[in-house]
Chemist: 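The following block contains the structure, expressed as structure tokens.
Below, chains carry the letters A, B, ... as their sequence lines are ordered, and counting in each starts from 1.
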Protein chains: 2
Amino acid sequence: MNRLPVAERREQLIEAALAVASRDGIEAATVRAVAAEAGVSLGVVHYCFQDKDELLRAMAHAITAQNLARSTGELPPDADIATLVEATIDQLWDGIRDSRGAQLLSYELTTSSLRHPELNQVAIEQYRGSWAAAEQVLLGVQESANVRFSMGVEQMARTVVAAIDGYSLAWLVDGDEERARMGMHAFGRYLIASMEPAPRAASDEAFSTTDGDEVQPA
Amino acid sequence: MNRLPVAERREQLIEAALAVASRDGIEAATVRAVAAEAGVSLGVVHYCFQDKDELLRAMAHAITAQNLARSTGELPPDADIATLVEATIDQLWDGIRDSRGAQLLSYELTTSSLRHPELNQVAIEQYRGSWAAAEQVLLGVQESANVRFSMGVEQMARTVVAAIDGYSLAWLVDGDEERARMGMHAFGRYLIASMEPAPRAASDEAFSTTDGDEVQPA
DNA sequence: GTCTATAGTTGGATAGAC
DNA sequence: GTCTATCCAACTATAGAC
């Protein structure tokens with residue numbers, strides 16, 4: 001009926017896959033269910049994607065991009081450092097809390113990727129994206145507050161992601177929003193305590209951090 | 001062939017399910033695969049368990065018990081607090097690193113539980129067990145070192161579990177053992193820094209040796 | 001208690017009509 | 001490009017022989 005160019009059809013199907021998987025879990029995101037969600041017939045999905053794995057990979061890219069977009073929100077430009085960190089955490093936490101299904105899906109995608117060779121790159125791409133996003137935020141904090149993280153931005157970025165994962169998982173399990181928020185803010189205070197004054201203003205290279213080493217794909 | 005009482009047969013099948021699921025993922029733990037792993041025929045599994053979900057629930061209990069057993073290891077009794085924490089972390093991390101499949105399975109079980117109503121209790125039991133175990137360890141630390149955690153043992157226990165989850169997930173994804181170990185030890189230093197002398201303490205000599213740690217970048 | 005056989009369901013993938 | 005029809009594989013679960 002509704003004829004569309006392949007590219008648009010793919011977008012529509014990825015959207016549908018994301019909806020089904022967020023709502024009912026990654027196992028429920030079958031080719032059939034995605035086709036039904038999008039209101040197309042089974043054959044259309046196989047026309048747009050070579051197989052189910054390609055669809056899932058595309059969905060994983062979409063959810064990763066969505067997570068990244070969430071990390072680059074607006075922040076008060078001239079606040080003190082504690083306020084800045086708190087606002088960033090609140091913003092992040094609100095995004096997580098308001099998309100429980102997507103958050104859970106993210107972990108399902110990670111574990112699935114770690115089991116199935118055909119989804120091999122998905123997990124590492126997810127985390128490379130998260131680590132890089134966290135690093136960007138931390139670099140912004142370093143810049144605007146003229147401070148440095150004693151363990152280095154890269155290591156701290158990974159610590160941030162680990163903390164978010166840990167608290168998010170606990171929240172998914174126990175559903176306690178207030179405790180999750182409290183935990184993340186406690187981590188924020190640790191983060192602030194891990195800062196030290198920058199050695200020299202406007203010279204970032206003087207305080208070299210451990211750049212350069214990239215993570216090996218599994 | 002090998003006739004066994006039902007109870008023993010159940011143990012054997014749970015063992016087999018654990019082996020299959022740890023090795024190949026929770027999705028691979030089908031009734032067929034478990035039967036094959038145990039060397040019995042398909043019907044035997046349905047004779048011992050009402051259905052697949054009951055088998056999975058039994059397996060979840062087994063892995064939870066296994067995780068708990070891992071947390072109650074031997075520790076040097078008369079060491080200072082920093083050494084005690086480091087030894088505990090090393091012990092914990094070694095256990096995780098040496099059972100990658102089981103660790104990954106643990107997260108698969110959690111996400112599966114959160115999606116499927118028939119596995120509803122699994123995730124919360126996992127985490128209640130982990131939180132309680134962490135709390136016991138922290139209470140032991142409080143007692144032996146005569147200190148208190150400023151945020152309270154319960155909250156700190158949950159923070160410990162969150163940190164372990166976060167670092168473990170990252171390790172599962174990137175495979176970097178050294179970084180995982182480093183991250184957990186960095187958290188250990190944070191944990192020590194979150195202690196304060198117990199009120200009305202007779203001696204706090206252990207606490208006085210805990211400062212002065214340097215945080216090394218990677 | 002254990003086995004084979006089979007029912008019944010779901011899902012991936014393709015062929016061919018339109 | 002889209003649909004229907006169909007094939008094939010894998011799975012849960014049960015029935016009934018031994």
Side-chain angles (χ1 to χ4, degrees), chain A residues 1-21 23-60 105 108-109 112-113 115-119 122, chain B residues 1-21 23-60 105 108-109 112-113 115-119 122:
Chain A
M1 309 219 175
N2 212 357
R3 296 185 167 233
L4 285 181
V6 189
E8 287 182 35
R9 188 62 87 191
R10 279 177 62 106
E11 292 305 313
Q12 180 200 7
L13 290 173
I14 290 170
E15 199 74 18
L18 211 44
V20 174
R23 190 177 60 236
D24 302 324
I26 196 173
E27 287 186 352
T30 65
V31 178
R32 288 180 138 84
V34 171
E37 177 82 16
V40 302
S41 66
L42 189 57
V44 175
V45 181
H46 278 104
Y47 174 76
C48 295
F49 298 93
Q50 198 187 358
D51 55 13
K52 185 191 176 185
D53 293 323
E54 193 185 315
L55 172 60
L56 284 188
R57 280 194 296 268
M59 187 189 72
L105 173 58
E108 293 179 288
L109 268 172
S112 289
S113 165
R115 291 291 189 191
H116 304 298
E118 58 274 15
L119 299 180
V122 168
Chain B
M1 315 184 181
N2 212 358
R3 296 185 166 233
L4 285 180
V6 189
E8 288 183 34
R9 188 61 87 192
R10 278 177 64 104
E11 292 305 311
Q12 181 199 8
L13 290 173
I14 290 169
E15 198 73 19
L18 212 43
V20 174
R23 191 177 60 234
D24 302 324
I26 196 173
E27 288 186 353
T30 65
V31 178
R32 287 181 139 81
V34 171
E37 178 81 16
V40 302
S41 66
L42 189 56
V44 175
V45 181
H46 277 106
Y47 174 75
C48 294
F49 297 92
Q50 197 188 356
D51 55 13
K52 186 193 176 183
D53 292 324
E54 193 184 316
L55 173 59
L56 284 188
R57 280 193 296 268
M59 187 187 73
L105 173 58
E108 293 179 288
L109 270 172
S112 289
S113 164
R115 290 291 190 189
H116 304 298
E118 57 274 14
L119 299 179
V122 168

Chemist: What is the minimum heavy-atom distance between A/Ala21 and B/Arg115, and which atoms define it?
Modeler: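 Where A/Ala21 meets B/Arg115 most closely, the heavy atoms are O-NH2, 3.2 Å.
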Chemist: To the nearest Å, how far apart are A/His46 NE2 and D/dG1 P?
Modeler: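 Rounding to the nearest Å, NE2 of A/His46 and P of D/dG1 are 18 Å apart.
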Chemist: For the pair made of CZ in A/Phe49 and P in C/dG12, what is the distance, rounded to whole Å?
Modeler: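 Result: 14 Å.
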Chemist: State plainly whether the residues B/Arg10 and B/Glu54 are in salt-bridge range, i.e. N to O under 4.0 Å.
Modeler: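 Result for this pair is yes, salt bridge flagged.
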Chemist: Quick one, B/Met59 and B/Val34 - any side-chain contact, counting heavy atoms below 4.5 Å?
Modeler: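 A side-chain contact under 4.5 Å is absent here.
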Chemist: Has the side chain of B/Arg9 got a donor or acceptor atom sitting under 3.5 Å from an opposite partner on the base of C/dG1?
Modeler: no
Chemist: For the side chain of B/Val44, counting heavy atoms from C-beta on, which of C/dA13, D/dC3, C/dT2 is nearest?
Modeler: C/dT2
Chemist: Under 4.0 Å between any heavy atoms, over every strand shown, what does B/Thr30 touch: base, sugar-phosphate, or nothing? Just pick one.
Modeler: sugar-phosphate
Chemist: With a 4.5 Å cut-off on side-chain heavy atoms, are B/Glu118 and B/Asp51 touching?
Modeler: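 A side-chain contact under 4.5 Å is absent here.
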Chemist: If you assign A/Arg32 and A/Cys48 each to the DNA chain D nucleotide with the nearest heavy atom, which residue ends up on the more 5' nucleotide?
Modeler: A/Cys48
Chemist: Over how many whole Å does the gap from A/Gln12 atom CD to D/dG1 atom C1' extend?
Modeler: 13 Å
Chemist: Can you tell me which nucleotide in D/dT2, D/dA13, C/dT2 comes closest to the side chain of A/Tyr47?
Modeler: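 Within the option list, the nearest is D/dT2.
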Chemist: Quickly work out the A/Asp24 CG to C/dG11 P distance and round it to whole Å.
Modeler: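 To the nearest whole Å, that distance equals 12 Å.
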Chemist: Without decimals, in angstroms, what is the distance between B/Ile26 CD1 and D/dC11 P?
Modeler: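 Atom CD1 in B/Ile26 sits about 15 Å away from atom P in D/dC11.
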Chemist: Any heavy-atom pair between the side chains of B/Leu13 and B/Tyr47 that's under 4.5 Å?
Modeler: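 With C-beta onward as the side chain, the pair stays apart.
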Chemist: Look at the side chain of B/Gln12 and the backbone N and O of B/Ala38, then say whether any donor-acceptor pair between them is shorter than 3.5 Å.
Modeler: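 Side chain of B/Gln12 to backbone of B/Ala38, a donor-acceptor pair under 3.5 Å: yes, one is there.
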Chemist: Near DNA chain C, under 4.0 Å by heavy atom, which residues of residues 52-60 of chain A?
Modeler: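 The stretch gives A/Lys52 as the residues lying under 4.0 Å from the strand, ordered by number.
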Chemist: May I ask you to check whether over 12 heavy atoms, not counting those of A/Glu15, lie within 6.0 Å of atom CD?
Modeler: no
Chemist: Starting at CG of A/Leu4 and ending at C1' of D/dC3, how long is that distance when rounded to a whole Å?
Modeler: 15 Å
Chemist: Rounded to the Å, how far apart are B/Arg3 CZ and C/dG1 P?
Modeler: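 Interatomic distance, CZ of B/Arg3 to P of C/dG1: 8 Å.
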Chemist: Quick one: label A/Leu42 by what it contacts on the DNA or RNA (base, sugar-phosphate, nothing), any heavy atom closer than 4.0 Å.
Modeler: base
